[in-house]
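So that the names make sense, note that chain A is the first sequence line, chain B the second, and so on, each numbered from 1.
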2 protein chains.
Amino acid sequence: MSEAKNKLEQAAADLQVPKAVVSRLSLYLRELQHLVRDGHETTSSTQLGGLLGFTDAQVRKDLAYFGQFGYPGIGYRCSELIDAIKRILGTNQAWPLAIVGLGNLGRALMGYRGFRHGGFQIAAAFDVDPAKIGKTVEGIQIFDLADVDRIAKERGIRLAIIAVPAPEAQKVADALVGAGIEGVLNFAPVTLNLPKQVQTIGVDLAIELEQLAFAVANQLPQT
Amino acid sequence: MSEAKNKLEQAAADLQVPKAVVSRLSLYLRELQHLVRDGHETTSSTQLGGLLGFTDAQVRKDLAYFGQFGYPGIGYRCSELIDAIKRILGTNQAWPLAIVGLGNLGRALMGYRGFRHGGFQIAAAFDVDPAKIGKTVEGIQIFDLADVDRIAKERGIRLAIIAVPAPEAQKVADALVGAGIEGVLNFAPVTLNLPKQVQTIGVDLAIELEQLAFAVANQLPQT
DNA sequence: TAGATTGTTAATCGATTAACAATC
DNA sequence: TAGATTGTTAATCGATTAACAATC
């Protein structure tokens, strides 16, 4: 375990870990949670890969970046591997979130229950619309974006979700960076220009549909 | 142009096109639309790549999978390249969509304006909750999922969005496949098991946050 | 013409898969 | 023990980058 921890830290430090590996880790975690729910004590790289369409070798290789989690001849104990992956991803800790933009999408995200798995919880909501500021959505008070600096600090918020219209996204992002936010999940369909130490992930619903349309129109073999 | 078309069809048929290339194509399209809006007539692989953090070589290589779209010494004419990419992605046509699940997220997606770019339009909404069936959201009537077969055929719907709770997603997907749907954008946090000729893209908001948390916790160099 | 920029080939780099000794 | 399965090394495969002749 201290072995694994060392290797984890080393891997992160050296940054030998491909991004694709990390995204598969999240998928493994999701499947493992389903396996546990269905009463499985253990699983194997073949089973876990099979559920996701990956090879057994890939599952083992991915995990090997972070340490040794399995038992030769046996496989992996699901709950152990779940804990290990959570430690790797950092989702064994709590991650209070800020959300900016309380339009349709923003309000839907506030009610989204899937976040709670993994320590994510919306700790504050922000908007610039005076008609919304001060109101409460899903039990969370909406603040003026101008107060993000103070509130993010008070509440230990490091991650933020941007759900504002495209033309406003960049200046919202700038405000968040000013408030010390370290990671942004951006739902606005624009490329944000941020200091390189701030992490960004963009989710563009139109782009997902374009990918789907291309796959359908060209009858791509399934990934 | 018939040159380009031939190469396009050939590329799709031979399937030499990596999936990562297609997803960058969508990003190029988005940036090109911004360039046009900002009054640019032409652009270059260096400029387009720079906006997205890609090398100029990558932009040219990606486009080369589908034909020749540029002018040596000049670059690319933005509006021409926009049209070409839309043809490649298939978003020059209309894509009527079905959406299943009118919870918070489903309703938010119905109001999402970003879809309209690229021929996407919600043509029918479905739920299984009798309290919702027959109501109207954003001007679209909600049908019983049991009627999806007939309505999808009537309206030429080939793509569907799943926005139901995780435990229902698989049986909803099965119903959609039965109705002849060819592509599914799945917002439920489960891996769907579908016939291989049906395309699926999954968007899991918790997973996106996990990726962000990992990146922040490990101070990853920006992608 | 000189400067800019493409499309494409070759070189490099990285990621996936196969194979297998070690282990339970 | 025999069968199963890991972790890891080597081989394969694929994707990105660099370089450059061709073109405007």
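Between L81(A) atom CG and dT6(D) atom P the separation is 10 Å, expressed in whole Å. Distance CG (D62(A)) to P (dA15(C)): 11 Å, rounded to an integer number of Å. When the P atom of dT9(C) is taken as reference, atom OH of Y65(B) falls 12 Å away, rounded to whole Å. Rounded to an integer number of Å, the gap from R77(A) CZ to dT6(D) P is 12 Å. To the nearest angstrom, C1' of dA18(C) lies 18 Å from CZ of F54(A). The separation between F69(A) atom CZ and dT8(D) atom P is 11 Å, rounded to whole Å. The distance from atom CG of L48(B) to atom P of dA4(C) is 19 Å, rounded to the nearest whole Å. Rounding to whole angstrom units, NZ of residue K61(B) and C1' of dA19(D) are separated by 14 Å.
Here dT16(C) is the nucleotide among dT5(C), dT16(C), dT8(D) with the atom lying nearest to any side-chain atom of Q58(A). Of the candidate nucleotides dA18(D), dT6(D), dC24(D), dC24(D) has the atom lying nearest to any side-chain atom of I74(B).
OP1 or OP2 of dT6(D) lies within a sub-4.0 Å distance of a side-chain N or O belonging to S45(A). At least one side-chain nitrogen or oxygen of Y76(B) sits closer than 4.0 Å to the OP1 or OP2 atom of dG7(C). A close approach under 4.0 Å does occur between a side-chain nitrogen or oxygen of T55(B) and OP1 or OP2 of dT17(D). Remark: R24(B) is not in phosphate contact with dA15(D), judged by side-chain N or O atoms under 4.0 Å from OP1 or OP2. For dG7(D), neither phosphate oxygen OP1 nor OP2 lies less than 4.0 angstrom from any side-chain nitrogen or oxygen of Q68(A). OP1 and OP2 of dG7(C) both lie 4.0 Å or more from every side-chain N or O belonging to R60(B).
With hydrogens and angles left out, the side-chain atoms of E210(A) and S26(B) include a donor and acceptor closer than 3.5 Å. Between the side chains of R77(A) and T43(A), no donor-acceptor pair is found at a separation under 3.5 Å.
Residues A20(A) and T43(B) each lie close to DNA chain C; by heavy-atom proximity, the contact nearer the 5' end of the strand is made by T43(B). Both A57(A) and G75(A) lie near DNA chain D, and the one whose nearest nucleotide falls closer to the 5' end is G75(A).
N186(A) places a side-chain N or O within donor-acceptor distance of the main-chain N or O of V190(A), the cut-off being under 3.5 Å.
For dA22(C), the paired nucleotide is dT5(D), the pair qualifying as Watson-Crick or G-U wobble because both relevant distances are below 3.5 Å.
We find that D83(A) and R87(A) are not joined by a salt bridge, their nearest charged nitrogen and carboxylate oxygen being 4.0 Å or further apart. Remark: R60(B) engages D56(B) in a salt bridge, criterion side-chain N to carboxylate O under 4.0 Å.
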